[in-house]
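Per chain, numbering begins at 1; letters A, B, ... match sequence-line order.
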Amino acid sequence: AQTVTQSQPEMSVQEAETVTLSCTYDTSESDYYLFWYKQPPSRQMILVIRQEAYKQQNATENRFSVNFQKAAKSFSLKISDSQLGDAAMYFCALGGNTPLVFGKGTRLSVIA
Amino acid sequence: GAGVSQSPSNKVTEKGKDVELRCDPISGHTALYWYRQSLGQGLEFLIYFQGNSAPDKSGLPSDRFSAERTGGSVSTLTIQRTQQEDSAVYLCASSLGAGGPVGTDTQYFGPGTRLTVL
């Protein structure tokens, strides 16, 4: 079975600072994908970043980047220059031959 | 273009009633997914469609839950004889469904339906 663990229920960051959200996972598949989704109060999940496991290079999307440690089964999300609009729930997800499995999420607060 | 839409946005019902939740995927997306998000929890997979077929119904929590998709587009999730534990946000997502493994597609989500069972 595939599992995803987000060990930080809540995090906070000062505006313009950097924050890292952690995610660990377990899977028996050799080829899989990892995702970070953001869920603002509007409820609509938005893709933040996606990583293919066979690619060693860490994915980057503007202020968002990941630290993908395949051997450690770790997939953390770094948000640089945090903005008020980054405040949301962040979900880590794992997918492959089976449907996506999501972690329980980390609620990120951004302090002005 | 239009994103994934869901209706109704909110639904309040009485225990024992049946409810239907609707999802309109992004045009051209062949794969469609339903999830349930209970308060303070992550997303729980319910079912997915590739075209009109549902290869994986493993997440449906009981036989009170069913879903269908017609014309490779709109999908309806039906919950019969609702119970209080069915109260949750029901999210729908769609993806291109280009033929790769189900969990590798980028999924685009709708705003969800908040179901409250009194």
Side-chain angles (χ1 to χ4, degrees), chain A residues 1-10 21-55 59 61 64 66 75 88-107, chain B residues 2-11 21 23 26 29 31-50 54-60 67 88-115:
Chain A
Q2 300 190 110
T3 61
V4 176
T5 302
Q6 293 180 249
S7 59
Q8 307 152 316
E10 295 184 356
L21 308 183
S22 65
C23 172
T24 57
Y25 63 92
D26 194 18
T27 179
S28 57
E29 297 186 19
S30 58
D31 191 16
Y32 52 89
Y33 286 61
L34 292 155
F35 305 81
W36 278 99
Y37 278 91
K38 168 184 177 182
Q39 187 179 40
S42 66
R43 290 199 313 239
Q44 189 147 9
M45 302 273 283
I46 303 163
L47 177 70
V48 174
I49 205 163
R50 161 184 152 140
Q51 174 83 41
E52 298 163 55
Y54 64 87
K55 288 189 177 178
E61 193 69 40
F64 299 86
V66 297
F75 183 62
M89 283 290 289
Y90 286 82
F91 292 95
C92 179
L94 165 67
N97 289 315
T98 53
L100 286 185
V101 173
F102 287 81
K104 292 191 174 182
T106 296
R107 181 176 302 282
Chain B
V4 178
S5 62
Q6 292 186 245
S7 60
S9 177
N10 290 283
K11 175 73 176 178
L21 312 180
C23 173
I26 293 172
H29 280 193
L32 185 147
Y33 314 78
W34 283 100
Y35 297 89
R36 178 168 70 175
Q37 185 177 24
S38 302
L39 189 63
Q41 300 296 311
L43 276 68
E44 173 190 6
F45 168 79
L46 297 178
I47 188 171
Y48 94 95
F49 291 89
Q50 179 60 49
D56 191 339
K57 303 180 182 180
S58 62
L60 293 176
V89 174
Y90 290 82
L91 291 167
C92 173
S94 69
S95 71
L96 281 172
V102 61
T104 61
D105 247 2
T106 294
Q107 297 180 22
Y108 299 84
F109 284 79
T113 295
R114 181 179 297 282
L115 174 65

Evaluation steps, ring-ring contact (aromatic ring centres under 6.0 Å, His included), between A:Phe102 and B:Tyr35: CA-CA 10 Å; A:Phe102 287 81; B:Tyr35 297 89; 5.5 Å; yes

Side chain from CB out, backbone as N, CA, C, O: work out which of these in A:Glu29 comes under 4.5 Å of a heavy atom of chain B, or both, or neither.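 Neither part, no heavy atoms under 4.5 Å.
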
So which of B:Gly42, B:Gly103, B:Gly59 has the largest heavy-atom pair count under 4.5 angstrom toward chain A?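 The candidate making the most pairs under 4.5 Å is B:Gly103.
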
Can you tell me which of B:Asp56, B:Val89, B:Asp105, B:Thr106 forms the most heavy-atom pairs within a distance under 4.5 Å of chain A?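 Among B:Asp56, B:Val89, B:Asp105, B:Thr106, the one with the most close pairs to chain A is B:Thr106.
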
For B:Ser95, which atoms come within 4.5 Å of any heavy atom of chain A: side chain, backbone, both, or neither?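 Neither the backbone nor the side chain of B:Ser95 comes within 4.5 Å of chain A.
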
Above 12 or not: heavy atoms from other molecules or residues under 6.0 Å from CZ of A:Arg50?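 Counting neighbours around CZ of A:Arg50, more than 12 heavy atoms of other residues, nucleotides or ligands fall under 6.0 Å, so yes.
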
Which value, rounded to the nearest 0.5 Å, describes the distance between [X] atom [atom1] and [Y] atom [atom2]?
| X | Y | atom1 | atom2 | result |
| --- | --- | --- | --- | --- |
| A:Gln39 | B:Phe109 | CD | CZ | 9.0 Å |
| B:Thr104 | A:Leu34 | OG1 | CG | 12.0 Å |
| B:Tyr48 | A:Leu100 | OH | CG | 11.5 Å |

Find out whether A:Lys104 and B:Leu43 are in side-chain contact, i.e. whether some heavy atom of one side chain is under 4.5 Å from a heavy atom of the other.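 In short, these two side chains do not touch, never coming nearer than 4.5 Å.
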
Is B:Gln37 close to A:Phe91 at the side-chain level, that is, under 4.5 Å between some pair of heavy atoms?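 SC-SC contact between A:Phe91 and B:Gln37 confirmed.
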
Closest heavy-atom pair and its distance - B:Asn10, A:Arg43: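 Closest pair (atom of B:Asn10, atom of A:Arg43, distance): OD1-NH1, 4.0 Å.
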
Among A:Ala93, A:Pro99, A:Pro9, residue most engaged with chain B (heavy-atom pairs, under 4.5 Å):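 Most heavy-atom pairs within the cutoff with chain B belong to A:Pro99.
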
Is a side-chain N or O of A:Tyr37 found less than 3.5 angstrom from the main chain of B:Gln107, in a donor-acceptor match?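 Confirmed, A:Tyr37 side chain pairs with B:Gln107 backbone.
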
